[in-house]
Amino acid sequence: MDSDRSELRWGVEQRLEFIEFRLFWEGHVNRSDLMDQFGVSVNQASTDLNRYIGFAPANMVYDKSARTYVRGSAFQPQFLEPDASRYLAQLRSVAENILDREDSWIANLPSFASAPTPVRGVDPVTLRSVVGAIRRSEEIEIRYQSLSSPDPRWRWIAPHAIAFDGFRWHARAFCLTDECFKDFLLSRMIEIRGSRESGTSADDDLDWNSEVVLEVAPHPELSETQAKVIALDYGMRGGSAKIKVRRALVYYALRRLGLDTDPAARRPQDQQIVLMNAPEIGHSTPRVSAPVSGGVSG
């Protein structure tokens with residue numbers, strides 16, 4: 001069996017990744033799994049299984065009584081790095097109806113649920129217009145409802161990126177009205193009525209193109225055992241975790257981590273973590289501590 005991965009077509013390699021995913025997470029895989037997931041024939045499924053054995057002969061063995069291939073005791077991933085985040089992301093996507101159960105690579109979904117979040121009303125036509133403007137380097141005229149104004153206003157913006165703050169989707173854009181780069185919530189774009197060539201470069205958005213590192217550590221008033229648990233929760237090494245984030249998204253990151261307020265305002269057991277390098281990232285500056293003109297469009 002040829003073991004040169006460089007000659008594999010994308011579709012074949014994806015199916016081999018699927019075989020490995022099932023072996024790692026489920027412990028077994030068979031022809032019907034491939035046929036159901038990818039719509040391939042019996043012969044193609046058999047070929048894929050044999051091809052996988054050619055690459056990793058110790059990774060699976062055929063169990064005659066169960067009539068399926070099972071994970072070998074010397075299993076070593078060849079096509080993917082087992083990733084808990086990927087597995088949990090599939091669970092969450094199914095729970096939130098983003099992904100159909102049939103499209104998930106997980107065979108036997110465990111009982112699961114996720115805390116509900118409000119459905120954000122992003123109009124698909126609006127999203128298409130924004131994405132199209134980004135691709136074509138265009139400006140678009142939008143009717144936008146900001147909370148700083150009682151009524152929606154028309155303005156020209158030059159979007160260059162899409163951002164997610166953990167709850168809502170934004171367009172990162174140069175605002176020709178305020179003459180600065182800002183974030184515009186896609187759900188607050190009421191109407192789009194025109195487009196034109198843009199003279200703005202995404203390279204000029206310094207906050208978008210620069211990164212800062214948030215260094216977080218367990219709250220100092222937690223007990224030693226509590227601090228160890230928090231360190232595990234956040235994957236801390238040496239007593240702290242370093243989180244890279246675009247400077248334009250620092251405010252959202254701090255808010256999502258509960259670091260946008262005075263740590264003393266809540267009990268240590270509720271606050272859990274503190275920001276160790278606030279002065280370095282300018283946490284005391286208006287740009288970071290609150291949405292303002294030039295940063296976030298309310």
Side-chain angles (χ1 to χ4, degrees), residues 1-125 127-128 131-132 134-135 162-164 166-169 186 235:
M1 176 66 65
D2 184 8
S3 59
D4 186 0
R5 288 182 55 181
S6 64
E7 296 182 2
L8 292 176
R9 298 189 305 275
W10 176 82
V12 174
E13 187 159 6
Q14 187 183 39
R15 294 196 296 274
L16 297 181
E17 287 182 12
F18 171 81
I19 291 171
E20 196 157 90
F21 182 94
R22 283 289 176 88
L23 287 171
F24 181 84
W25 291 107
E26 310 286 342
H28 56 84
V29 66
N30 56 38
R31 289 183 304 182
S32 62
D33 294 331
L34 288 158
M35 294 164 63
D36 292 342
Q37 189 70 36
F38 298 99
V40 297
S41 66
V42 174
N43 289 340
Q44 181 62 65
S46 296
T47 299
D48 290 333
L49 290 167
N50 288 329
R51 181 180 279 116
Y52 183 83
I53 292 173
F55 281 109
N59 276 9
M60 68 179 187
V61 295
Y62 189 71
D63 185 329
K64 293 182 179 179
S65 60
R67 296 185 178 181
T68 188
Y69 287 96
V70 298
R71 183 177 60 235
S73 58
F75 179 89
Q76 290 292 332
Q78 300 293 319
F79 289 87
L80 57 82
E81 187 68 31
D83 187 348
S85 297
R86 179 180 177 184
Y87 185 94
L88 294 173
Q90 286 198 37
L91 282 185
R92 182 179 177 184
S93 295
V94 173
E96 297 180 357
N97 296 316
I98 298 171
L99 184 70
D100 290 336
R101 282 176 175 263
E102 296 76 18
D103 294 329
S104 170
W105 281 16
I106 304 171
N108 298 304
L109 291 164
S111 179
F112 62 93
S114 65
T117 54
V119 177
R120 302 298 179 180
V122 178
D123 182 78
V125 175
L127 178 60
R128 183 183 65 185
V131 172
I134 293 172
R135 288 173 178 161
I162 301 290
F164 183 62
F167 298 99
R168 304 174 297 184
W169 287 96
L186 295 175

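- Summarising the geometry, atom CZ belonging to Arg92 is positioned 13.0 Å from atom CG belonging to Leu99; distances are rounded to the nearest 0.5 Å.
- Side-chain contact annotation: Ser41 with Asn43, donor-acceptor N/O pair under 3.5 Å absent.
- A donor-acceptor distance shorter than 3.5 angstrom exists from the side chain of Asp123 to the backbone of Val125, with no hydrogens or angles considered.
- Legend: residues meeting side chain to side chain contact (heavy atoms under 4.5 Å, CB included) with Arg135, ordered by chain and number and at least two apart, are Val131.
- Distance check, rounded to the nearest 0.5 Å: CE of Met60 to OH of Tyr52 gives 7.0 Å.
- The residue from Thr47, Leu16, Ile19 that alone fulfils the side chain to side chain contact (heavy atoms under 4.5 Å, CB included) condition with Leu34 is Ile19.
- Residues satisfying the side chain to side chain contact (heavy atoms under 4.5 Å, CB included) criterion with Gln76, sequence neighbours excluded, are Asn59, Gln78.
- A search for side chain to side chain donor-acceptor pair (under 3.5 Å) contacts involving Gln44 returns Asp48, not counting sequence neighbours.
- Residues in residues 19-44 take part in these salt bridge (Lys or Arg N to Asp or Glu O under 4.0 Å) pairs, two or more places apart or across chains: Arg22-Asp33.
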Result block: side-chain N/O donor-acceptor pairs under 3.5 angstrom for residues 65-75, not counting sequence neighbours:
| from | atom 1 | to | atom 2 | distance (Å) |
| --- | --- | --- | --- | --- |
| Ser65 | OG | Asp63 | OD1 | 2.6 |
| Thr68 | OG1 | Val29 | O | 3.0 |
| Arg71 | NH1 | Leu23 | O | 2.8 |
| Arg71 | NH1 | Phe24 | O | 3.0 |

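- Counting heavy atoms from C-beta on, the side chains of Phe55 and Arg51 come closer than 4.5 Å.
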Only distances under 3.5 Å count here; give the side-chain donor-acceptor pairs of residues 80-91 to other protein atoms, sequence neighbours excluded, each with its distance to 0.1 Å.
| from | atom 1 | to | atom 2 | distance (Å) |
| --- | --- | --- | --- | --- |
| Asp83 | OD1 | Ser85 | N | 2.9 |
| Gln90 | OE1 | Ser104 | OG | 2.8 |
| Gln90 | OE1 | Trp105 | N | 2.9 |

